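All remarks here apply to the structure that follows.
The figures here come from the full heavy-atom set of this structure, side chains too, leaving out hydrogens, waters and symmetry mates. Computed from a prediction, not measured in an experiment: that's the story for all the values here. To find a chain, count down the sequence lines: A is the first, B the second, and so on, and within it residues start at 1.
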4 protein chains.
Amino acid sequence: MAATRPVGPTVAEQPAPAKRRNENARLAVLNAADDLLVERGFDGLTIEGIAARAGVAKQTIYRWWKSKVDILYDNLVLDAEDALAWPEPAPGASYTVAELRGYLHRFALFLGTAPAGRVLQALLGHAQLDRRTFDLLHTGFLGELTARDTERVRQCLAGLVPGAGGQDGAGAGAAEASALLDALLAPLYYRALLARGPIDPALVDAALDEQLALALARSTPGV
Amino acid sequence: MAATRPVGPTVAEQPAPAKRRNENARLAVLNAADDLLVERGFDGLTIEGIAARAGVAKQTIYRWWKSKVDILYDNLVLDAEDALAWPEPAPGASYTVAELRGYLHRFALFLGTAPAGRVLQALLGHAQLDRRTFDLLHTGFLGELTARDTERVRQCLAGLVPGAGGQDGAGAGAAEASALLDALLAPLYYRALLARGPIDPALVDAALDEQLALALARSTPGV
Amino acid sequence: MAATRPVGPTVAEQPAPAKRRNENARLAVLNAADDLLVERGFDGLTIEGIAARAGVAKQTIYRWWKSKVDILYDNLVLDAEDALAWPEPAPGASYTVAELRGYLHRFALFLGTAPAGRVLQALLGHAQLDRRTFDLLHTGFLGELTARDTERVRQCLAGLVPGAGGQDGAGAGAAEASALLDALLAPLYYRALLARGPIDPALVDAALDEQLALALARSTPGV
Amino acid sequence: MAATRPVGPTVAEQPAPAKRRNENARLAVLNAADDLLVERGFDGLTIEGIAARAGVAKQTIYRWWKSKVDILYDNLVLDAEDALAWPEPAPGASYTVAELRGYLHRFALFLGTAPAGRVLQALLGHAQLDRRTFDLLHTGFLGELTARDTERVRQCLAGLVPGAGGQDGAGAGAAEASALLDALLAPLYYRALLARGPIDPALVDAALDEQLALALARSTPGV
DNA sequence: GGATAATCGAGACGGTACGTCTTGTCTTAAA
DNA sequence: TTTAAGACAAGACGTACCGTCTCGATTATCC
């Protein structure tokens, strides 16, 4: 999975010292963890197992990661970077509903299909059981993702209802955008985590259309 | 749900006549597991710890439960029996939107606040990590809960839009009810699992009003 | 093994109370213990195993025996009663060297061959590891056996060297007899316990001839 | 015996280069086992107990020993190395009866007194109950001891009766020596295992004198 | 272009918990 | 009252991983 990505720094990357780190070992560990998660599940994923599969000493793993959760997190960041990117809008233009729709479809695909979403599912699951994992996920990956996407949804909304939002400033628009994003994502997470199946693209479209209609209705109170 | 069963354990049901089980030991185990889950979290919850806290031999636990998941599951069933009951409707009457609203509020409370919902959160989390747990939860607790609630939501809908549903038979009404229930629960689960906070009652009302409006709009296409 | 012996009271038999004791259960336990000792060895012999094999409840065993050692002990007493008997001497006559020789051969056979001697070997082995077993064996079975045989050896000696022993009284003769018995048995136990093979009958004869020669030499100091 | 081996464990010899074994842990385990054997007896001696007493992890014990028997065996070898050594004979000279006598006294002391001989007694006892222990003892410790001592006894005999043995070659002398050694040891083992008391030094001398007289008588048939 | 220092593989180590087994006590229901 | 059946508290079994620790054997800079 991550074997094709060369090197780029990730979110959890150790800041400064990391002197002569062995890149082969790093990739071998990430791949081994990914493979073993699929093969044996989260509980069957052990540091010893990863070390053995990667042909690496346990100490090497403990030198660079604090736990198996951190290894999976690095994998998640790596995978999501490509899978959850938005296309660059035309210069000077802002994000559109069409782009939002495309992103939601990609998100649903990412969340609902192994092995890509398997890591996120596992981390979300473990976040229910472990405070540290929850914090890592929400101050890191999910936090950044949400911040980025909320802003882009805000742009979509602004493009859709030119007058709205401007009155109360960007802050008000952000709250609206945040609520809208939540409303759009809730059914997807619900589907992925509670029903555990691939997510029907129609569900994405239905949710988006529905929420946009509601948003429009709210923004034109007179009607 | 398990409301019809009298008292015994839900998992590991004895096929044979269930010889002389010690009720004190059973309750001590369930309580110890509950306490330890809150104190030490799911990973810190061990069979040895439960046995020690409950003053019970490990073998006694293994005799009646297959794993700590099964112990928590029994706790869940026990707790939910009271917390997630619907009030009995008037004789001859069916469930109403007001009762549905009340139930949703109780559900949100159950899901969002420790210690009651802590067990469900943990099991939902672990279900992401372990196939057996997922199956147990969905063929058991969640399956029964969903079946029961779907039917009651169907009755609410039927009462709300007298003509609708009747045309296509009860089957079509059930599908509609199922979708509505999903739409009502998704934001609650999203809130509880993703944001991990207590659920604002206003969220429940907003979701219900919104979905009812949409349902009404769908059922009167001419308008 | 003990199945053919009907009922007779043994040494370790509970003295008085034993009211409505089930004789079938008693024999089944003794036989099961014997069989399992041969099949699985002393460490593999468990109360649970005996109970299962005998079709008897554990409690029934604990009611009548204190441990598996006591069960084996009862078996030993039962078996030895026949195998280690001396033929009755002619009325008025005392035991002779020929009878002693015969007894030693029988003893060697008993000690050296399974399954008869297997129990005694096991108890002797366990007596090295457990004080209670040692005491049981020496105040009980071995003590009585030694007392009986010492007296008979004394009679043999008295018949062999008419004058000797009489001078110092029976006590001196008993000490001599005891030493002689030890000297005769030592090589047999050594062979059985240290080399663990069947005992060559020639070894018995050699030891007896040798010791008798020495005894004679000692009793006729002038020569 | 094991006198030629330098230091390491005797059982569980590492075929590979025996990686960095912790000598402190090894000694702590051996000592703890020794202490606990005396304190609690063989049955009360557990791997968990040894680990706790030695301040060592169970896994460390299982890494280097297969069972508590193997630990005791290592202790036996260690203790016997000093206690059962023969003094080096003068260069060019062979072992003498005086040296044999001294050795037998030391052997009797070793076998009859705790804690040194306690281990051997326990292993001899357990060898009656467990085939593996019997084999370990006889192909290992006892086998080497017997081979060594038989040869030395042969030298004693050869020195005593210059002509004898030479006629029939060393083989015949070895058989004689072996029988003599058995005859000397049998009463000691009998005393130690059957009567379980310290061995009277006079018993050693009596047995040696008696057996030497018999051996001399046999080697000079004319007299 | 060696010296030096961090990283690497390997794996021993003190621990904790696992799930199983047996102990000896107890309770129940049938005879 | 004894029996078969078996639940119970206790605790040892042997195994699996945990996270820390020492080893030499590579590297890869830096002097």
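The side chain of B/T60 places no N or O atom within less than 4.0 Å of a non-bridging phosphate oxygen (OP1 or OP2) of F/dA7. For the OP1/OP2 pair of F/dG6 and a distance below 4.0 Å, the side-chain nitrogens and oxygens of B/R20 include no atom meeting the criterion. Phosphate proximity of F/dC8 to B/W64: present, with a side-chain N or O under 4.0 Å from OP1 or OP2.
Looking at C/Y73, its side chain does come within 3.5 Å of a backbone N or O of C/F141 through a donor-acceptor pair. No donor-acceptor pair under 3.5 Å is formed between the side chain of A/D70 and the backbone N or O of A/W65. The backbone N or O of D/L45 lies less than 3.5 Å from a partner atom in the side chain of D/K68, making a donor-acceptor pair.
Atom CZ of A/F42 is separated from atom C1' of F/dC17 by 14 Å (rounded to the nearest Å). In this structure, CG of D/N24 is placed 17 Å from P of F/dC21, rounded to the nearest angstrom. What separates CD of C/E23 from C1' of F/dT2 is a distance of 14 Å, to the nearest Å.
Checked against F/dC8, E/dG14, F/dA4, the side chain of D/V56 finds its nearest nucleotide in E/dG14.
Summary of the strand contacts: C/G55 and B/G55 both lie near DNA chain F, and taking for each the nucleotide with the nearest heavy atom, the more 5' one is attributed to C/G55.
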Could you list, one pair per line, each protein nitrogen or oxygen that sits under 3.5 Å from a nitrogen or oxygen of nucleotides 16-20 of chain E, together with the distance?
unit_1, atom_1, unit_2, atom_2, d
E/dC18, OP1, B/I47, N, 2.7
E/dC18, OP2, B/I47, N, 3.3
E/dC18, OP2, B/E48, N, 2.8
E/dG19, OP2, B/Y62, OH, 2.5
E/dG19, O5', B/Y62, OH, 3.4
E/dG19, N7, B/K58, NZ, 2.9
E/dG19, O6, B/K58, NZ, 2.7

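In summary, A/E39 and A/R53 engage in a salt bridge, as defined by a charged side-chain N under 4.0 Å from a carboxylate O.
Distance CG/B/L137 to CZ/B/R132: 12.0 Å, rounded to 0.5 Å.
The closest side-chain heavy-atom distance from C/L37 to C/F42 is below 4.5 Å.
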